[in-house]
Amino acid sequence: METSPGSRLEKVLADFAEQYGAWSRAREQLKALSATARSRDGVVEVTVGAGGQVTRIRFVDNRFRALTAPQLGDSVLAALKRPGSRSRPGPSP
């Protein structure tokens with residue numbers, strides 16, 4: 001038994017709506033991803049969002065006070081250049 005053109009169109013539209021919903025959910029999950037890395041000296045922690053923007057820079061403890069400005073700058077750059085130690089879903093800090 002053949003289906004009517006209207007029935008086929010309804011099926012196509014329903015399939016499209018389902019796929020669009022799945023795509024939208026996946027896009028929102030990707031936007032919520034972030035990666036966090038720490039400098040090798042452990043002084044600075046940097047979090048980067050899915051788009052590559054820095055969303056957080058944190059000084060892990062008070063050891064940064066013993067560093068010179070150039071040393072602290074190097075630690076920040078080292079953390080920014082280091083691949084993320086972990087990726088996690090959730091809102092960026």
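In this text the structure is predicted, and so the values were computed from the model without any measurement.
S39 OG to L72 CG: the interatomic distance, rounded to the nearest 0.5 Å, is 9.0 Å. Separation of atoms CZ (R38) and OG1 (T47) is listed at 10.5 Å; rounding is to 0.5 Å.
Heavy atoms only, all atoms of each residue included: D41 and R63 are closest at O-NH2, 2.9 Å. The shortest non-hydrogen separation linking V46 to V76 is CG2-O, 4.4 Å. A pairwise comparison of heavy atoms in A79 and A37 identifies O-CB, 3.8 Å as the closest pair.
Judged by distance alone, the side chain of R27 and the main-chain N or O of W23 form no donor-acceptor pair under 3.5 Å.
Side-chain contact between L80 and V44 is absent, with no heavy-atom pair separated by less than 4.5 Å.
Residue R58 qualifies as enclosed at atom CZ: its count of foreign heavy atoms under 6.0 Å is above 12.
Clustering ILVMFWY residues whenever any of their side-chain heavy atoms sit less than 4.5 angstrom apart, transitively, puts V60 in a cluster other than the one holding L77.
Ionic pairing of E28 and K31 is present here: one or more N-O contacts between side-chain nitrogen and carboxylate oxygen are shorter than 4.0 angstrom.
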